[in-house]
Amino acid sequence: MTGNITFTMIKPDAVSNGHAGAMIKMIQEAGFRIIAMKKARLSPEKAGKFYEVHKERPFYGELCQYMSSGPIIPMILEKANAVEDFRKLIGATDPTQAEPGTIRALFAKSIDANAIHGSDSDENAQIEANFFFSELERF
Ligand code: CMP
């Protein structure tokens, strides 16, 4: 059974380029309801913890450095089939491979500065949502 929650964060490149508003508009127009949202900045240690699953990958160090380089906008989103539908909306991790019209095709600069994160499973959506938000911050 598929869940109705996913976690996303708008990454430092998209926040600093002023694309957050346009991206949030696309997310809402695609039928996702924002349950929680804030502006935050990760320390390198916190970014390392968030991306711990990638710690053996060659890009882990750069990823943690990049994700702590400026403010991000984490959100919890609700919709039927949320994880899969959201990954379709944002497109492939590498923006050169992303379908035209997807968020990454429109706004991402590179595989590192790829504008937005989306959970890859229902289980990770819960873990990632809990990383940023308490129950009291969800409406
Ligand atoms: P994200 O969905 O946030 O999850 C891990 C991130 O690592 C990914 O987006 C990319 O921004 C980044 N990354 C950098 N290089 C790679 C790579 N070769 N494969 C997958 N992810 C990568």
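When a ligand or atom number is given, it counts from 1 through the structure's own listing order.
Protein residues are said to neighbour a ligand when one of their heavy atoms lies under 4.0 Å from it; for ligand 1 these are K11, Y51, H54, R57, F59, L63, T93, R104, I111, D112, N114, H117.
The ring-ring contact (aromatic ring centres under 6.0 Å, His included) pairs that include a residue from residues 15-49 are H19-F107, F32-F86, where partners are two or more places apart or lie in different chains. Sorted by first and then second residue, the side-chain hydrogen bond (donor to acceptor under 3.5 Å, both in side chains) pairs involving residues 103-115 (not counting sequence neighbours) are K11-N114.
With sequence neighbours excluded, no residue satisfies salt bridge (charged side-chain N to carboxylate O under 4.0 Å, His left out) with R41.
Here the side chain of E137 pairs a donor or acceptor atom with the backbone of S134 at under 3.5 angstrom.
By the 30° and 60° cut-offs, the orientation of the rings of F7 relative to H117 is tilted.
At least one cation-pi condition fails for K49 and F131: the charged atom is not both under 6.0 angstrom from the six-membered ring centre and inside a 45 degree cone around its axis.
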